[in-house]
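Hydrogens, waters and symmetry mates are skipped; everything else that's a heavy atom, side chains included, is used.
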Amino acid sequence: MTPIRVRYSPAPSGEIHVGNARTALFNWLFARHVGGVFVLRIEDTNREKSTEAAIAGVQDTLRWLGMDWDEGPVLQSGLAARHLEAVEQLLADGRAYRCWCTEAELRERNEAEKEAGRPPGYDGHCRELDDEHVAAYEAEGRTSVVRFRTPDEGVSRFTDVVRGEVSVEWSTIRDFVILRSDGSPLFFLANAVDDLDMGITHVIRGEDLIDTTHRVLALRDALGGGPPPVYAHLPLVLAADRAKLSKRHGADAVEDFRSLGYLPEAIVNYLALLGWSPGESAEEVLSLDELVAAFDLDRVTNSAAVFDQKKLDWVNGEWMRRLATSDLASRIEPAVREAAGERFDADVFAHAVAVGQERSSTLVQLTDQMDFLFVGDDAFAIDDEAWARLEKVERVGEVLDTAIAHVEACEWSADALNFVDVLKNLGVKPGKAMVAIYVAVEGRAQGLPAFDAIWMLGRERALLRLRAARERLGAASRAT
RNA sequence: GCCCCCAUCGUCUAGUGGCCCAGGACGCCGCCCUUUCAAGGCGGUAACGGGGAUUCGAACUCCCCUGGGGGCACCA
């Protein structure tokens with residue numbers, strides 16, 4: 001039995017888009033599920049659009065998401081000799097021919113085709129050129145490309161695992177270029193040759209490529225390449241407005257979500273749910289291992305899916321809470337340490353992560369919540385909006401006085417610090433009154449639990465902030 | 001313009017002729033819990049695009065319409 005082989009073949013022209021990452025994921029999950037081979041192939045035949053940085057970026061992103069590859073990265077540009085050989089073979093067999101038409105000529109005739117109500121595309125002008133014409137073109141100094149001769153009639157069909165029978169009339173597909181005038185191969189050719197040479201058995205990719213399959217399959221056939229691979233065209237990932245997801249919609253690349261504080265576990269989990277489902281009433285929060293075990297091409301959906309960041313937020317929150325606290329801490333420690341500098345305190349940090357873990361849905365949120373701890377007392381600031389909330393608290397002056405008195409006198413532990421009962425005795429609603437404490441101590445109306453915050457800050461620094469707030473309040477009330 | 005693909009709650013989806021006056025998840029709304037915000041618990045809102053046909057019976061099969069998406073490059 002031939003081993004199952006799949007490939008993920010991105011074009012290195014930028015960051016990995018989430019839709020693209022989803023394609024990588026489905027290939028990877030499928031390969032791991034069936035014990036096959038996952039090949040990473042970089043489709044860089046378009047040298048102008050490919051960069052070293054992008055090639056490295058693709059690998060970083062894949063690794064960060066938790067996907068590894070068994071072979072590669074194979075750079076398609078390094079396989080040029082073999083591509084050329086295939087072109088020569090097609091030329092010799094009469095399956096392809098040289099075309100000398102200039103860009104201007106093509107454009108002109110294309111317009112004419114449209115006028116005549118026919119589909120635009122190459123008209124076959126150079127199909128049967130005699131030597132005389134060729135010599136004339138060469139004398140003119142023209143350069144040529146190589147075009148593949150597509151059938152004039154008949155139907156091309158293939159069976160897609162998720163789409164079923166897919167077919168198209170050959171008459172609607174014109175002769176297409178497989179070799180540029182500079183001698184470099186195009187996607188169709190390189191794709192067909194490499195899949196053949198690499199023994200790829202399953203091609204899993206986005207639905208936007210479904211129409212190209214006929215051409216690639218015809219090329220493969222002309223090259224004498226045995227039975228075609230199994231095709232599975234995945235539904236597209238769309239933005240909320242049902243258009244193709246792009247930068248215009250905000251975050252669209254995996255790296256964007258990474259810097260927004262999303263966990264790789266969550267991204268991969270969420271992406272798996274886009275175009276695939278684990279089945280009837282099954283748990284949706286799944287680890288990579290669980291996904292591998294559950295994944296099945298048969299359960300791939302066939303209609304486009306809208307990317308919903310709200311659900312990603314939820315999945316991420318689930319993963320934030322699922323992670324061991326120490327693991328979570330290690331993921332943000334470098335950044336917090338760097339921002340804190342001298343003021344960093346390992347014990348305080350550990351405590352902050354522990355109490356922050358269940359109330360944040362992203363790493364950024366978690367980090368932001370503890371910034372009041374590692375900021376210098378002179379740099380500590382309360383924004384206007386938060387201060388307005390404090391001022392609105394009923395009997396806020398008394399609330400702050402009570403807090404100050406309690407913090408000054410109580411035993412030093414997070415439990416003993418709890419002055420909810422004292423506030424009740426004062427006759428104010430703790431739920432409302434505490435807002436003032438949050439603002440005074442943390443600089444914002446919501447954040448880490450207040451008594452933990454005070455404890456982490458230490459008696460001196462907490463009192464400094466509470467007194468400062470009381471003073472500012474006093475000054476304000478005198479002024480009015 | 002031509003070609004291809006798709007069509008269940010706002011969103012992701014379950015559903016492959018009777019188990020469905022359609023189930024789950026996110027979101028949203030309400031209540032509870034509560035030191036803020038969350039988290040958590042409980043409950044609620046909400047969908048088979050339209051029209052034909054087949055059938056004893058259609059979300060599921062077929063046809064038409066409509067809608068959405070994709071493709072038609074010397075991009076991949």
Side-chain angles (χ1 to χ4, degrees), chain A residues 9-13 43-46 48-50 76 99 103 106 110 113-115 117-122 143-147 160 163 166-169 171-174 176-182 184 186-188 190-191 205-214 233 235-236 238 240 242-244 270 273-285 299 301-315 317 320-321 356-361 365 369 389 418-420 423 429-439 442 444-453:
Chain A
S9 45
S13 55
E43 306 220 328
D44 59 344
T45 55
N46 185 348
E48 288 156 32
K49 288 190 180 175
S50 308
Q76 209 162 44
C99 168
E103 219 175 301
L106 291 173
N110 232 319
E113 288 285 293
K114 273 191 198 167
E115 299 276 313
R118 284 193 294 268
Y122 190 64
T143 53
S144 66
V145 297
V146 175
R147 285 184 187 276
D160 187 283
R163 312 278 146 192
V166 180
S167 65
V168 65
E169 297 273 345
S171 60
T172 64
I173 300 177
R174 306 304 192 86
F176 56 93
V177 177
I178 55 177
L179 192 74
R180 294 187 182 88
S181 53
D182 69 359
S184 62
L186 266 97
F187 163 73
F188 303 102
N191 195 271
R205 29 128 79 147
E207 200 202 338
D208 50 339
L209 293 171
I210 198 163
D211 288 319
T212 72
T213 306
H214 298 98
H233 284 94
L236 259 24
L238 270 27
R242 296 216 135 257
K244 224 171 166 179
Y270 177 66
L273 264 18
L274 242 35
W276 174 83
S277 93
E280 186 117 32
S281 63
E283 175 63 57
E284 285 190 333
V285 180
R299 296 203 61 84
T301 317
N302 46 14
S303 54
V306 171
F307 188 90
D308 180 12
Q309 201 167 335
K310 281 261 180 60
K311 183 142 184 181
L312 206 213
D313 284 339
W314 173 76
V315 175
M320 290 282 290
R321 274 163 253 128
Q357 179 168 23
E358 59 188 302
R359 66 195 66 241
S360 7
S361 65
Q365 218 178 82
Q369 278 186 109
R389 297 267 322 257
N418 190 319
F419 49 76
V420 167
L423 289 175
K429 279 206 170 80
K432 305 271 185 200
M434 286 301 292
V435 169
I437 309 301
Y438 282 90
V439 173
E442 303 186 38
R444 56 178 75 197
Q446 72 267 1
L448 265 20
F451 305 121
D452 286 284

Discussion item. If you compare every side-chain N and O of A/Thr45 against the phosphate oxygens of B/rA76 (OP1, OP2), does one of them come in below 4.0 Å?
Written reply: yes
Worksheet item: For A/Lys244, which contact category applies under a 4.0 Å heavy-atom criterion: base, sugar-phosphate, or nothing?
Response: sugar-phosphate
Discussion item. Taking any heavy-atom pair under 4.0 Å as a contact, classify A/Arg205: base, sugar-phosphate, or nothing.
Written reply: nothing
Worksheet item: To the nearest Å, how far apart are A/Phe188 CZ and B/rC75 P?
Response: 10 Å
Discussion item. Within the 4.0 Å heavy-atom criterion, would you say A/Leu423 contacts the bases, only the backbone, or no part of the nucleic acid?
Written reply: nothing
Fill in: Spacing of the P atoms in B/rG10 and B/rA47 (rounded, Å)
7 Å
Worksheet item: So what does A/Gly447 touch, heavy atoms closer than 4.0 Å: a base, only the sugar-phosphate, or nothing?
Response: base
Worksheet entry | First encountered from the 5' end of RNA chain B, between A/Pro10 and A/Lys310 | A/Lys310
Show each protein N/O and nucleotides 40-42 of chain B N/O combination with a separation under 3.5 Å, one pair to a line.
unit_1	atom_1	unit_2	atom_2	d
B/rG40	OP1	A/Glu318	OE2	3.4

Worksheet item: Looking at B/rC74, does its base get a donor-acceptor pair with the side chain of A/Ser181 below 3.5 Å?
Response: yes
Discussion item. Tell me the interatomic distance from A/Tyr122, atom OH, to B/rG71, atom P, rounded to whole angstroms.
Written reply: 25 Å
Worksheet item: With a non-hydrogen cut-off below 4.0 angstrom, is A/Val145 in contact with a base, only sugar-phosphate, or nothing?
Response: base
Worksheet, complete the sentence: A/Asp452 atom CG is separated from B/rA38 atom P, nearest whole Å, by 18 Å
Worksheet item: Can you tell if the side chain of A/Tyr122 reaches within under 4.5 Å of the side chain of A/Val177, non-hydrogen atoms only?
Response: no
Item to complete: Let me know the distance between CD1 of A/Ile437 and P of B/rC37, rounded to the nearest Å.
Response: 15 Å
Worksheet item: Is the base of B/rU36 touched by the side chain of A/Arg359 through a donor-acceptor pair closer than 3.5 angstrom?
Response: yes
Worksheet, complete the sentence: Whole-Å distance, A/His214 NE2 to B/rG70 P, equals 19 Å
Pairs under 3.5 angstrom, nitrogen or oxygen only, protein versus nucleotides 5-12 of chain B, please.
unit_1	atom_1	unit_2	atom_2	d
B/rC5	O2'	A/Arg163	NH1	3.0
B/rC5	O2'	A/Glu207	OE2	2.5
B/rA7	OP1	A/Asn302	OD1	3.3
B/rC12	OP1	A/Val306	N	3.0
B/rC12	O2'	A/Leu273	O	2.8

Worksheet item: Does A/Val168 or A/Ala445 map to a spot on RNA chain B nearer the 5' end, using the closest nucleotide for each?
Response: A/Val168
Discussion item. Looking at the base of B/rG70, is there any donor atom on it, or on the side chain of A/Asp211, that sits under 3.5 Å from an acceptor on the other one?
Written reply: yes
Worksheet item: Roughly, in whole Å, what's the span from CG in A/Asp313 to C1' in B/rA25?
Response: 15 Å
Discussion item. With a 4.0 Å limit, can you tell me whether A/Arg299 has a side-chain N or O closer than that to the phosphate oxygens OP1/OP2 of B/rG15?
Written reply: yes
Worksheet item: Say you pick atom C1' in B/rG23 and the same atom in B/rU8; how far apart are they, in whole Å?
Response: 11 Å
Worksheet entry | Separation of the C1' atoms in B/rG43 and B/rG52, to the nearest angstrom | 42 Å
